[in-house]
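Input: a single structure, listed below in structure tokens.
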Amino acid sequence: MIDAATRVAVDLTDRSYDILIGSGLIAATGAELARRFPGSRYAIVTDETVAEHHLDSLARSLTDADLGFSTIVVTAGEASKSFSVFESVVDGVLSARLERGDLLIALGGGVIGDLTGFVAGVVRRGMRFVQMPTTLLAQVDSSVGGKTGINTRHGKNLVGVFHQPTLVISDTGTLDTLPRRDFAAGYAEVAKYGLIDDAGFFAWLETHWKDVFSGGPSRIEAIASSCRAKAHVVKIDEKETGPRALLNLGHTFGHALESITNYDSARLVHGEGVAIGMVLAHEFSVRMNLCSPDDLARTRNHLDAVGLPTRMDQIPGSLGKADDLMAAILQDKKVKRGKLTFILTRGIGKSFIADDVPPEVVRGFLEEKLTG
Ligand SMILES: NC(=O)c1ccc[n+]([C@@H]2O[C@H](COP(=O)([O-])OP(=O)(O)OC[C@H]3O[C@@H](n4cnc5c(N)ncnc54)[C@H](O)[C@@H]3O)[C@@H](O)[C@H]2O)c1
Ligand SMILES: [Zn+2]
């Protein structure tokens, strides 16, 4: 059983669930599942890389608790959020004769969580699933909130459902095998929670980030604070009709950068795009006389200190012209009455949804940034 973990409650009436956070939780997972879901069987969905590092310990833990389970391993990487891999996972779940009361376990990063959650959302019109996130991004962001889905040739995450997990178990020890670049990318989302509405948390990160990276006690604290922040936003706006959009701070610019670098992870990964995007959002806010240059400098300095890119010219290769970036932004966004919706800021911890940003002002700003 897991009793020494930090617990964050996600309060969504009949869809409420716990997030358990701590080091070494995989080993205690079997007993915890046996206690919570007596009589259930499981299918573990994971990717090849995660399987190599962490599947044995999870399988042992389930076996020790006398739980029946099968294992479905997919190729690592974003390409597995596809119709064909979705079909093979559905097939694996049905072949294992899992029934409605049984559970899927998503062991992996955001790709595995999104894919498995979508399968769980639709197989037999909805099965329960447990998120066991193994990347920092997944532990602080994608495993919480119930957005699931896959990509299509028309774009990312265009097919999916809202389907909340039944339990999230975040073993922070699994992050020790994560490459530093991926850890830093996930950290961009951690810093984001401070920048959105918690200046105290941002200041705490400025002091404690080294301990977060090296796996000290601050790591669990940072993950728990991030989950609390996301859980709060999801509680007040589960389906993103309003304030949940604040979680997109830095993401309009970030997604556009991901898109024009063709989602080539050698050039840019999501969190790096978000880091550059958050700095651009602050710079743009300074330009609009909303934010002080000091708060922009603090944001940039912190992201820079942890080793994240903060400027577009740090992305290898050409980014093309401002018009290309602008086209990518317009593809990602709905333009309402000729205006764009952006997350802007009045300073650290003071982000807000601005729905009246003129596209030509953004274009001019990008033009200037790209030509240095
Ligand atoms: N559902 C949501 O709310 C939400 C939010 C943000 C992002 N996402 C999605 O999350 C995905 C990105 O997630 P990600 O960054 O976790 O990517 P990922 O799942 O592809 O993981 C990144 C890489 O790290 C490897 N890996 C995972 N855990 C590891 C570990 N402990 N040790 C060593 N290697 C490990 C994986 O095999 C993969 O190669 C995107 O598809 C994005 O759309 C979803
Ligand atoms: Zn993100």
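Start at 1 and go down the list; that is how both ligands and their atoms are numbered. When reading the values below, keep in mind they use all heavy atoms of this one structure, side chains included, and skip hydrogens, waters and symmetry mates. Keep in mind that this is a model prediction, so the values were computed, not measured.
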With R41 via side-chain contact (heavy atoms from CB on, under 4.5 Å) - residues at least two apart = L98, D102
Apply the side chain to side chain contact (heavy atoms under 4.5 Å, CB included) test between L325 and each candidate in V362, L257, L319; give the one that qualifies.
-> L257
Report yes or no: do [X] and [Y] form a side-chain donor-acceptor pair below 3.5 Å?
{"X": "Y187", "Y": "H302", "value": "yes"}
{"X": "Q164", "Y": "E238", "value": "yes"}
{"X": "T299", "Y": "D295", "value": "no"}
{"X": "T177", "Y": "H54", "value": "yes"}

Sort and list the pairs that fulfil salt bridge (charged side-chain N to carboxylate O under 4.0 Å, His left out) and have at least one residue in residues 310-327, not counting sequence neighbours.
-> R311-D313, D323-R363
Compute the centroid of each ring, for F118 and then for F86, and state whether the two points are separated by less than 6.0 Å.
-> yes
Aromatic ring proximity F129/H163, centre distance under 6.0 Å = yes
Under 2.8 Å from the Zn ion (ligand 2), how many protein N, O or S atoms can be found?
-> 3
Taking only heavy atoms of the protein into account, state which residues are under 4.0 angstrom from an atom of ligand 1, in chain and number order.
-> D47, T49, V50, H53, H54, A76, E78, K81, G109, G110, V111, D114, T134, T135, L137, D141, S142, K147, K156, N157, T174, T177, L178, K230
